[in-house]
Each structure stands twice: as structure tokens, then as C-alpha cells.
Amino acid sequence: TVYYSSGPGVFMAGNSQAGRGIRDFPQPTLTEFNSFKALLLVTDSSDRECVSLSRVRMTRLLTPQTQENPIFFHDTNVTSDGFRASVDQMASVGFEMFIFSFGMSFQLEDTSPAYIQQIAADVQYAASRGIEVGGYDLICLARGNGGYGGNVGDLWDAVNPLTGQLGSDACFASGWEDKINDIFLTWVQQANITMFEMDGHVTICRSTCLVT
């Protein structure tokens with residue numbers, strides 16, 4: 001909740017008992033508050049087709065990446081021989097992207113130099129055949145306390161809003177979000193991975209310390 005008090009400064013406060021993850025700040029703490037920005041599409045007609053075309057034009061202009069829809073292939077064979085055999089088949093029939101699938105030994109969160117170099121060599125081969133490479137990772141669902149995906153750490157686990165206990169999911173408003181972003185960036189910079197398929201819903205968390 002943001003309260004604009006008289007005079008300069010912004011007072012931000014939250015009811016920690018309500019459990020929506022808002023940290024309490026002393027007053028005043030900010031001299032400037034920047035909200036998110038919204039873009040408004042103004043149309044000059046109520047005609048359904050005209051409005052629809054306007055929305056399409058706006059989407060293409062502001063988010064051109066939405067116009068891309070590569071033909072991709074999920075593969076569970078992560079050996080170098082298996083990877084390259086799949087890439088050769090994909091190139092021959094017109095596929096555009098290879099994705100290291102789920103339920104396999106590919107570990108996106110493993111950023112050890114030797115492992116990244118191994119994958120990078122295969123990615124380079126795929127690039128020579130005109131194929132981009134992406135990878136799958138389970139980032140939130142069942143990544144908390146007792147979750148089957150492996151605990152990201154109690155500090156970053158979601159807190160059940162009803163019981164106040166650590167939940168089985170990760171909290172994506174915690175430092176885990178920063179860490180996983182760093183992991184993704186490492187793969188982009190060192191292995192030329194160009195796509196990430198992230199899985200796991202963002203769960204409700206009542207933690208009052210979400211920026212650790």
C-alpha cells in the first residue's frame with residue numbers, strides 16, 4: 001500500500017499479518033515513487049474489425065517478439081551423439097529450435113564451467129545447422145520445502161499464507177528470482193542458449209522479507 005502524506009516523501013507500509021509479502025518501511029523513505037507504466041490504445045471506431053486490426057498493429061509495434069513462433073522439438077537424449085543426430089534430423093525437415101526437455105539429465109541450474117563447455121560445443125554445432133537451442137527448468141512449483149523438484153533453500157521458500165509454515169514451492173519474489181536470472185544470463189553469455197522454457201506457477205506467499 002502506498003500512502004501519499006502531506007509534503008514530500010512517500011510512506012510505504014503493509015500489514016504483515018495479512019501476509020501479502022509487503023515489507024514495512026519507516027516514514028518517510030522515498031522522495032520519488034515510480035509506478036509501472038501502461039500504454040493506452042485509443043480507437044476512433046467501434047467497428048470490431050477496425051479495433052482488432054488496431055490491436056494487432058499495436059502488438060506488432062511494441063512487442064515484435066510475439067510474432068515469432070519457431071517450430072521446436074523437445075528431446076530427452078542429452079548425449080552429444082544423440083543431440084547432434086536430432087539436430088541433423090531437425091535441419092533436414094525444417095525444425096528451427098531444439099529444446100532440452102524435462103525429465104532428463106540436462107541441468108540448467110548447473111553452471112560449472114566444464115558442464116557449460118560441454119553443452120556450448122553442442123550448441124555451436126546446432127548453430128552451424130541453423131538450429132537454435134533452448135532449455136527447460138522447473139523454477140517455482142515443488143521447488144520449496146519437501147518439494148520433488150529440489151529445495152532452492154528455506155530462505156527462498158514460499159510461506160503458506162494460512163499456516164505461516166514453509167511451503168513446497170519456491171517464492172519468486174525472493175532472492176531466488178535474482179539467482180535464477182543470473183543463471184539464465186550465464187547460459188546466454190557462455191553457451192549461446194537463446195530460449196528458456198520455465199515451468200511452475202507463481203504461488204501465494206506471506207513472507208515479509210521478499211528481497212533477501
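We're numbering straight along the sequence, starting at 1.
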Original post:
Less than 4.5 Å apart, any side-chain heavy atom of Ser54 and any of Leu41?
Top reply: yes
Original post:
Looking at residues at least two apart in the chain, or sitting in another chain, which of them share a side-chain hydrogen bond (donor to acceptor under 3.5 Å, both in side chains) with Glu96?
Top reply: none
Subject >> Within one Ile-Leu-Val-Met-Phe-Trp-Tyr cluster: Ile99 and Val133, side-chain cutoff 4.5 Å >> reply: no
Subject >> Under 3.5 Å: donor-acceptor pair, side chain of Asp157, backbone of Asn145 >> reply: yes
**OP:** Any side chain to side chain donor-acceptor pair (under 3.5 Å) involving residues 181-191? Give me the pairs, sequence neighbours left out, ordered by first then second residue.
**Re:** Glu177-Asn181
Original post:
What residues, two or more places apart in sequence or in another chain, satisfy side-chain hydrogen bond (donor to acceptor under 3.5 Å, both in side chains) together with Ser101?
Top reply: His74
Original post:
Out of curiosity, Leu108 CG to Ile116 CD1, how far, rounded to the nearest 0.5 Å?
Top reply: 9.0 Å
Original post:
Quick one: CG on Asp169 to CG on Asn151, what's the gap to the nearest 0.5 Å?
Top reply: 10.5 Å
Original post:
Of all residues at least two apart in sequence or in a different chain, which pass the side-chain contact (heavy atoms from CB on, under 4.5 Å) check with Ser112?
Top reply: Asp110, Tyr115
Original post:
Short question: side chain of Arg143, backbone of Leu138 - any donor-acceptor pair under 3.5 Å?
Top reply: yes
**OP:** Hey, could you give me the CZ/CD1 distance between Phe196 and Ile183, rounded to the nearest 0.5 Å?
**Re:** 10.0 Å
**OP:** Please answer whether the main-chain N or O of Phe100 pairs with a side-chain N or O of Asp75 as donor and acceptor at a distance below 3.5 Å.
**Re:** no
Original post:
Between Tyr125 and Val93, is there a shared hydrophobic cluster once you connect ILVMFWY residues whose side-chain heavy atoms come closer than 4.5 Å?
Top reply: yes
Original post:
Should Met97 and Val188 be counted in the same cluster of Ile, Leu, Val, Met, Phe, Trp and Tyr side chains packed under 4.5 Å apart?
Top reply: no
Original post:
What distance separates Leu53 CG from Arg48 CZ, expressed to the nearest 0.5 Å?
Top reply: 13.0 Å
Subject >> Residues in side-chain hydrogen bond (donor to acceptor under 3.5 Å, both in side chains) contact with Arg129, at least two apart in sequence or another chain >> reply: Asp88
Original post:
At their closest point, which heavy atom of Gly82 faces which heavy atom of Thr79, and how far apart are they?
Top reply: N-OG1, 3.0 Å
Original post:
With a cut-off of 6.0 Å (strictly less than), are more than 12 heavy atoms of other residues, nucleotides or ligands near CD of Glu197?
Top reply: yes
**OP:** Not counting sequence neighbours, which residues clear side-chain hydrogen bond (donor to acceptor under 3.5 Å, both in side chains) with Thr43? List them please.
**Re:** none
Original post:
Which atom names give the shortest non-hydrogen contact between Ala191 and Val123, and what distance separates them?
Top reply: O-CG1, 3.2 Å
**OP:** Answer yes or no: does atom CG of Asp44 have more than 12 heavy-atom neighbours from other residues, nucleotides or ligands under 6.0 Å?
**Re:** no
**OP:** State, to 0.1 Å, how close Asp122 and Ser80 come at their nearest heavy-atom pair, and which atoms those are.
**Re:** OD1-OG, 2.8 Å
**OP:** Show your reasoning for whether side chain to side chain contact (heavy atoms under 4.5 Å, CB included) applies to Met90 and Ile71.
**Re:** CA-CA 10 Å; Met90 292 169 62; Ile71 303 174; over 6 Å; no
**OP:** Compare every heavy atom of Val152 with every heavy atom of Ala170, then report the nearest pair and how far apart it is.
**Re:** CB-CG2, 3.8 Å
Original post:
Which of these passes ring-ring contact (aromatic ring centres under 6.0 Å, His included) with Phe98: Phe72, Tyr136, Phe83, Phe106?
Top reply: Phe83
Original post:
Just how far is it from atom CD of Gln67 to atom CG of Leu61, taken to the nearest 0.5 Å?
Top reply: 10.5 Å
**OP:** Answer yes if Trp156 and Met198 sit in the same cluster of Ile, Leu, Val, Met, Phe, Trp and Tyr residues linked by side chain heavy atoms under 4.5 Å apart, and no otherwise.
**Re:** yes
Original post:
Transitively linked via ILVMFWY side-chain contacts under 4.5 Å: Phe102 with Leu141?
Top reply: yes
Subject >> Rounded distance (nearest 0.5 Å) linking atom CD of Glu109 with atom CD1 of Ile139 >> reply: 9.0 Å
